[in-house]
Amino acid sequence: MSHFLPPAAVRDRITQIQAQLPPTVRLIAVTKAVPTDLMRVAYTTGIRDFGESRLQEALAKQAELHDLSDITWHFIGHLQSNKATKAMQHFQWIHAIDSLKLAQQLDHIAQQQGYCPNLCLQVKFLPDPSKYGWSVPDLQAQLPDLDRCQHLRIRGIMTILPQGLTDTESRNTFAQAKALTTHLQQQPWSHLKFEELSMGMSGDYHLAVPAGATMIRLGRVLFGERT
Ligand SMILES: *Cc1c(COP(=O)(O)O)cnc(C)c1O
């Protein structure tokens, strides 16, 4: 059972949060498990970016919402290699590229189809066995290989904080993500870009935005609890 908010409350939440955000921050409405009628409410309130983490669910919703033709679709979940081609075809952004192997597979697909969505690299700034992604040293070691994937459109870094951090710990971790981004921007890559920083969810976006997030991914705070 889900306990989503009524449409008027969703409208209020979105309006309030949008009013607080700097214009440079893209608000992605995370709609996993959210029904399409509530997504239409979000759309009429001004949302144009939707984030989904399950491919089959997302494709069904894209079909139902095909009349809303200016939506930008973000795939925010872990991408399995057997779903890579579909995800590349149906999303404008993929946020959680989490291994060199996956990146190289996407590079091959991008070459074949002549198109690549925007991509972010998922980085773990703190050890978290429950999450995918590169540690900072592992990422640093593999960036030259990633830079050789010339068909990819890598745009920046994405991170998810482990559960249960204090605000100070969260702030420090977001600051590390911003510092890494700034550092990597100063290096002479052939293809890699580090303009984007996808970080901040319902519980911590108030800390991620001042730290320099360019994209925040909000679900529960907009729509209510999923279960
Ligand atoms: C579910 C999810 C979110 C949104 O989480 P909320 O706590 O509902 O805001 C953001 N990012 C990712 C990767 C998610 O899977």
Side-chain angles (χ1 to χ4, degrees), residues 1-5 9-18 20-21 25-36 38-39 41-42 45 47-59 61 71-80 83-84 87 90-99 102 117-126 128-134 154-167 169-170 173-174 177 196-227:
M1 272 300 292
S2 295
H3 304 273
F4 294 118
L5 297 167
V10 170
R11 231 173 265 130
D12 284 350
R13 297 270 184 107
I14 292 173
T15 307
Q16 270 179 25
I17 289 172
Q18 274 173 334
Q20 297 162 9
L21 289 178
V25 176
R26 191 193 281 237
L27 170 57
I28 301 168
V30 173
T31 48
K32 53 190 183 206
V34 175
T36 50
L38 216 44
M39 293 172 71
V41 170
T45 316
I47 296 288
R48 291 296 179 272
D49 292 274
F50 288 90
E52 291 279 344
S53 54
R54 295 180 207 99
L55 191 66
Q56 289 316 311
E57 177 185 344
L59 297 183
K61 288 172 169 180
I71 290 178
T72 297
W73 291 95
H74 299 254
F75 192 77
I76 61 171
H78 168 63
L79 183 57
Q80 294 167 274
K83 299 189 175 157
H90 291 272
F91 288 83
Q92 288 82 54
W93 284 83
I94 301 177
H95 284 243
I97 307 305
D98 52 24
S99 74
L102 176 63
N118 300 292
L119 308 174
C120 294
L121 304 173
Q122 184 172 1
V123 181
K124 292 194 288 191
F125 291 90
L126 294 167
D128 186 349
S130 72
K131 298 230 164 52
Y132 293 94
W134 280 279
I154 293 171
R155 301 285 306 275
I157 282 172
M158 177 272 208
T159 196
I160 305 173
L161 298 190
Q163 305 250 305
L165 300 186
T166 65
D167 278 7
E169 289 166 336
S170 299
T173 310
F174 287 141
E196 301 287 344
L197 196 41
S198 170
M199 61 184 190
M201 303 172 33
S202 291
D204 55 24
Y205 75 96
H206 64 292
L207 304 173
V209 169
T214 63
M215 295 187 274
I216 58 174
R217 309 176 308 269
L218 305 187
R220 290 171 299 134
V221 74
L222 304 184
F223 299 104
E225 295 297 325
R226 283 181 289 273
T227 53

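Throughout, residue positions are numbered sequentially from 1 according to the sequence presented. These figures come from a predicted structure and were not determined experimentally. Every number for a ligand or one of its atoms is a count from 1 in the order of the listing.
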Open item on the list: Is it the case that the side chain of Lys124 and the backbone of Lys131 share a donor-acceptor pair, with hydrogens and angles ignored and the cut-off at 3.5 Å?
Closed with: yes
- [ ] Tell me which protein heavy atom sits closest to atom 4 (C) of ligand 1, plus the residue, atom name and distance to 0.1 Å.
- [x] Arg217 O, 3.7 Å
Open item on the list: side chain to side chain contact (heavy atoms under 4.5 Å, CB included), that's the test. Do Gln20 and Tyr205 meet it? Break it down for me.
Closed with: CA-CA 11 Å; Gln20 297 162 9; Tyr205 75 96; 4.3 Å; yes
Task: Pro35 backbone acceptor or donor facing Lys61 side chain under 3.5 Å - done: no
Open item on the list: Using a 4.0 Å heavy-atom cut-off, which part of Ile76 comes near ligand 1: side chain, backbone, both, or neither?
Closed with: both
Task: atom 5 (O) of ligand 1 - nearest protein heavy atom and its distance - done: Met201 CE, 3.5 Å
Open item on the list: Under a plain distance cut-off of 3.5 Å, with no hydrogens placed, do Thr214 and Glu196 share a side-chain donor-acceptor pair?
Closed with: yes
TODO: Determine whether the side chain, the backbone, both or neither of Ser202 has a heavy atom under 4.0 Å from any heavy atom of ligand 1.
DONE: both
Open item on the list: Please list, in number order, the atoms of ligand 1 under 4.0 Å from a heavy atom of Arg220.
Closed with: 6 (P), 7 (O), 8 (O), 9 (O)
TODO: Considering the heavy atoms of Ile160, write down every atom of ligand 1 situated less than 4.0 Å from one of them.
DONE: 13 (C)
Task: Residue part near ligand 1, for His95, under 4.0 Å between non-hydrogen atoms - done: neither
Task: Considering all heavy atoms, the nearest Phe174-Ala211 contact - done: CB-CB, 3.6 Å
Open item on the list: Is it the case that the side chains of Gln122 and Thr159 hold a donor-acceptor pair, with the cut-off being a distance below 3.5 Å and no angle test?
Closed with: no
Open item on the list: Considering non-hydrogen atoms of the protein only, which is the closest contact for atom 14 (C) of ligand 1, and what is the distance?
Closed with: Lys32 NZ, 3.0 Å
Task: Which of the ligand 1 atoms, numbered from 1, are nearer than 4.0 Å to a heavy atom of Gly219 - done: 4 (C), 6 (P), 8 (O), 9 (O)
- [ ] Heavy-atom contacts with Leu218 under 4.0 Å: which atoms of ligand 1 show up? List them by number with element.
- [x] 9 (O)
Open item on the list: I'd like to know if the side chain of Glu225 and the backbone of Arg220 have a donor-acceptor N/O pair within less than 3.5 Å.
Closed with: no
